[in-house]
Novice: 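Let me give you the structure first, and then I'll get to my questions.
Each ligand, and each atom within it, is numbered from 1 in the order the structure gives.
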Amino acid sequence: MKYQEFYQKSIENPEQFWANQAEAINWFKAPETILSYDHNNYPVWYKDAELNACYLAVDKHIEDGFGEQTAIIYDSPVTQTVKKYTYNQIKSEIAKLAGGLQSLGLEKGDTVVIYMPMIPQAVFAMLACARIGVTHSVVFGGFAPHELAIRIDDCKPKAIITASSGIEIERLIAYKPLVDEAIELAEHKPQNVVILNRKLGARIPFKKYDIDYDALVYGSEEASCVPVNGQHPLYVLYTSGTTGKPKGIVRDTAGYVTALKFSMKYIYGVNEGEVFWAASDVGWVVGHSYIAYGPLLNRNTTVVFEGKPIRTPDASTFWRVISEHRVSVMFTAPTAIRAIKKEDPNGEFIKQYDLSCLRTQFLAGERCDISTLEWYRSHIPVPAIDHWWQTESGWPMICNMMGVEYLPIKPGSAGKSVSGYNIQILGENGQELGPNEEGYVVIKLPLPPGTLTGLWNDEMRFKMGYLNKFEGYYFSGDGGFKDEDGYIYITGRVDDVINVAGHRLSTAEMEEIVSSHHSVAECAVIGINDELKGQIPLALVVTKSGEDIEHFQLQHEIVQLVREQIGAVASLKDVVIVQRLPKTRSGKILRKLLRSIADGENFQIPSTIDDEAIIDEVTEVLKHDKIGCFKS
Ligand code: COA
Ligand code: AMP
């Protein structure tokens with residue numbers, strides 16, 4: 001069946017379409033109600049199903065006779081390790097870890113925070129929770145204790161599972177002191193911290209609540225899979241919003257496994273048994289959907305890669321991994337390709353590896369600029385597919401569906417709407433816009449299975465943030481347009497969320513931290529264009545009158561504050577001091593205007609501006625400090 005027909009079926013009769021897809025799942029109890037609606041008229045999929053995600057990702061394949069197939073390849077250039085685990089092996093470790101968690105008193109309905117580097121045990125921990133009906137919340141290892149504490153207080157875990165350290169380029173990051181600090185900062189106190197000692201030399205301060213991971217696994221009986229109801233929250237994953245407080249995206253179990261299984265076949269075009277590699281981190285949604293659950297549900301071999309595209313040890317790493325492990329389909333962020341391109345512009349490393357196994361390269365996480373796409377295409381002869389989605393959706397919303405029909409690529413566009421997503425472009429008043437008119441990217445309800453079921457303990461924020469802006473539609477937070485052929489172009493966020501090297505961060509949160517500095521009277525943090533990372537934050541601050549602080553000192557202190565509170569991933573490096581910030585007459589900071597000045601884009605001076613002269617003042621400062629478009 002061709003794309004258009006397939007897509008149309010999903011929109012015209014979603015219930016029938018997703019009833020068909022549900023047949024690919026080995027339910028404990030098959031759903032009788034496919035689609036229903038909650039009190040917000042928001043879709044609920046497979047409400048009365050019973051299943052277990054760990055069973056589907058692991059045990060089922062063993063029952064089907066594939067126990068000796070490799071499930072996980074752990075490739076870690078930073079520890080110079082390559083280790084393979086079969087489905088039989090992961091089942092044994094996951095089931096024992098699950099048994100161990102039960103012995104600590106964890107049961108269906110509890111939550112666990114997982115704060116781990118890119119090691120197989122991170123995936124084991126997720127699946128062990130799923131096995132016993134415990135909802136996990138993985139926190140990206142690059143987040144500082146303060147961020148971890150916010151998440152602990154929000155989802156109130158009974159236990160935290162962590163490891164002794166992560167490794168950044170030439171740097172060991174001891175995790176345990178960070179976890180201890182987060183627990184001290186948090187009001188909620190987890191009962192236990194299960195810690196895997198990687199024996200890499202990191203300091204592991206001992207606390208009464210500590211449990212050794214290895215001892216727990218080896219001393220426990222295997223737990224069996226606990227059936228959960230279709231709506232049971234498999235995980236909560238926090239993502240940045242427009243306030244300082246991250247949002248806990250809640251994922252159900254039944255809709256998610258069905259959507260992921262569907263996506264592996266129809267979007268990624270990957271067959272069972274093949275090697276699939278998403279070079280991301282378990283702390284992000286890509287890691288949840290396409291390092292852990294998606295490939296394992298589809299009986300693929302998944303690669304857990306602990307390294308970076310460059311400097312681990314060089315820009316050949318990606319090609320080595322693809323070639324050595326015979327990867328069929330790969331997924332990464334454009335920023336990773338930009339980093340490789342910078343180090344190896346002529347693709348000399350690429351020529352050294354046999355990449356004949358690679359069928360498709362997927363790119364997502366941020367806008368894919370045309371020159372990066374072209375560079376990739378000129379060096380590697382496989383389709384390079386940009387695709388668009390977000391933590392909330394859990395799986396792609398715009399894509400060239402490679403398992404259905406390979407449509408011509410239009411560089412700059414992420415492709416057409418994926419089955420199940422009725423994507424439209426609306427104007428300010430909710431009117432549908434015509435071809436090539438830029439507006440808000442929205443999805444007409446019902447959303448398909450697998451997307452967020454809400455925000456953890458915050459129904460009001462869920463409704464306000466996603467459902468209330470345009471009645472009957474889910475608001476994505478992105479802007480874009482659709483051309484006459486139905487190809488969609490995403491132009492960027494319309495809110496204060498920025499995307500730094502594929503990491504989603506909130507400028508509002510950074511502003512809170514910057515303004516907590518004792519010399520700062522007021523500030524604005526904006527995302528400006530960056531050649532490597534797509535966007536980076538820039539802080540513009542007005543100092544308190546009478547403050548006598550050198551620019552470099554203030555910059556250093558603010559950068560440190562942000563690193564301590566959010567983490568180094570925030571990548572705030574530039575702080576400029578301005579006399580005043582441009583504002584509307586009602587006192588709202590004109591952040592969009594600031595962005596346009598820093599990026600050297602044409603802009604119209606808003607009629608509501610309080611004092612136009614500030615534009616020249618700010619421009620002069622950015623020029624003087626060589627920031628953004630004034631760099632060279
Ligand atoms: N734990 C602790 N610190 C971390 C971390 C982690 N898990 N991940 C990143 N950091 C730190 C880095 O060490 C760095 O610290 P520094 O400022 O002291 O050098 C800082 O956070 C920024 O890291 P990063 O964004 O990785 O930038 P980089 O300059 O080290 O590397 C790239 C640049 C492009 C190679 C890198 O950003 C990259 O690989 N990007 C792809 C990201 C990706 O796959 N995202 C997927 C989302 S789908
Ligand atoms: P996250 O929730 O971290 O996955 O970030 C989602 C956001 O990243 C989206 O709302 C977009 O702003 C951006 N994004 C992701 N993929 C793409 C893409 N292919 N093109 C443009 N923007 C993207």
Novice: Test your reading of the model: is there a side-chain donor-acceptor pair from Asn300 to the backbone of Thr302, 3.5 Å cut-off?
Specialist: no
Novice: Between Ser289, Ala333, Gly365, flag the one that comes closest to atom 16 (N) of ligand 2 by a heavy atom.
Specialist: Gly365
Novice: Run the numbers for me: atoms of ligand 2, each under 4.0 Å from some heavy atom of His387, listed by number.
Specialist: 16 (N), 18 (C), 19 (N)
Novice: Is atom 41 (C) of ligand 1 less than 4.0 angstrom from some protein heavy atom?
Specialist: yes
Novice: So for ligand 1, is Asp281 a polar contact partner (N or O within less than 3.5 Å, distance only)?
Specialist: no
Novice: Can you confirm if the NZ or CZ of Arg151 lies within 45° of the ring axis of Phe143 and under 6.0 Å from the centre of its six-membered ring?
Specialist: yes
Novice: Taking distance alone, with N or O pairs closer than 3.5 Å, would you say Asn499 contacts ligand 2?
Specialist: yes
Novice: Salt bridge between Glu511 and Arg591, side-chain N to carboxylate O under 4.0 Å?
Specialist: yes
Novice: Would you call Glu343-Lys308 a salt bridge at under 4.0 Å N-O?
Specialist: no
Novice: On a heavy-atom basis, I'd like to know which of Val494, Asp478, Ile498 is closest to atom 11 (C) of ligand 2.
Specialist: Asp478
Novice: Who's the nearest protein heavy-atom neighbour of atom 39 (O) of ligand 1, and how far?
Specialist: Pro309 CD, 3.0 Å
Novice: Out of Gly142, Gly287, Gly166, whose heavy atom is nearest to atom 1 (N) of ligand 1?
Specialist: Gly142
Novice: Applying a strict 4.0 Å limit to heavy atoms, is Glu366 in contact with ligand 1?
Specialist: no
Novice: Any N/O of Ile169 closer than 3.5 Å to an N/O of ligand 1?
Specialist: no
Novice: Given that the side chain starts at C-beta and the backbone is N, CA, C, O, which of these parts of Arg171 lies under 4.0 Å from ligand 1, counting heavy atoms, or is it both or neither?
Specialist: side chain
Novice: Check whether Tyr7 forms a cation-pi arrangement with Lys416 (NZ or CZ under 6.0 Å from the six-membered ring centre, at most 45° off the ring normal).
Specialist: no
Novice: Could you tell me which atoms of ligand 1, counted from 1 in the order shown, lie closer than 4.0 angstrom to a heavy atom of Arg563?
Specialist: 16 (P), 17 (O), 18 (O)
Novice: Evaluate Ser280 for polar contact with ligand 1, using N/O atom pairs at a separation under 3.5 Å.
Specialist: no
Novice: Heavy atom under 4.0 Å from ligand 1: found in Pro117's side chain, backbone, both, or neither?
Specialist: neither
Novice: Is it the side chain, the backbone, both or neither of Val286 that has a heavy atom closer than 4.0 Å to ligand 1?
Specialist: side chain
Novice: With a 4.0 Å cut-off, strictly under, does atom 6 (C) of ligand 1 pick up any protein heavy atom?
Specialist: yes
Novice: Side chain, backbone, both or neither: which part of Ile490 has a heavy atom under 4.0 Å from ligand 2?
Specialist: side chain
Novice: Nearest non-hydrogen atom to atom 47 (C) of ligand 1 belongs to which of Gly502, Ser571, Gly567, Ala144?
Specialist: Gly502
Novice: Could you tell me whether ligand 1 has any atom less than 4.0 Å away from a heavy atom of Phe140?
Specialist: yes
Novice: Taking only Lys NZ, Arg NE, NH1 and NH2, and the carboxylate oxygens of Asp or Glu, determine whether Glu392 and Arg504 approach each other closer than 4.0 Å.
Specialist: yes
Novice: So is Arg338 close enough to ligand 1, meaning a heavy atom under 4.0 angstrom away?
Specialist: no
Novice: Hey, looking at atom 22 (N) of ligand 2, which of Arg504, Met397, Arg367, Gln390 has the closest heavy atom?
Specialist: Arg367
Novice: Report the member of Ala336, Ser165, Ala364, Ala501 with the shortest heavy-atom distance to atom 43 (C) of ligand 1.
Specialist: Ala501
Novice: Output yes when a side-chain donor or acceptor of Ser596 lies under 3.5 Å from a complementary backbone atom of Lys592, and no otherwise.
Specialist: yes
Novice: Should you measure from each heavy atom of Glu366, which atoms of ligand 2 turn up under 4.0 Å away?
Specialist: 14 (N), 15 (C), 16 (N), 17 (C), 18 (C), 19 (N), 20 (N), 21 (C), 22 (N), 23 (C)
Novice: Report the relative orientation of the aromatic rings in Tyr293 and Tyr235; use parallel for angles under 30°, tilted for 30 to 60°, perpendicular for over 60°.
Specialist: parallel
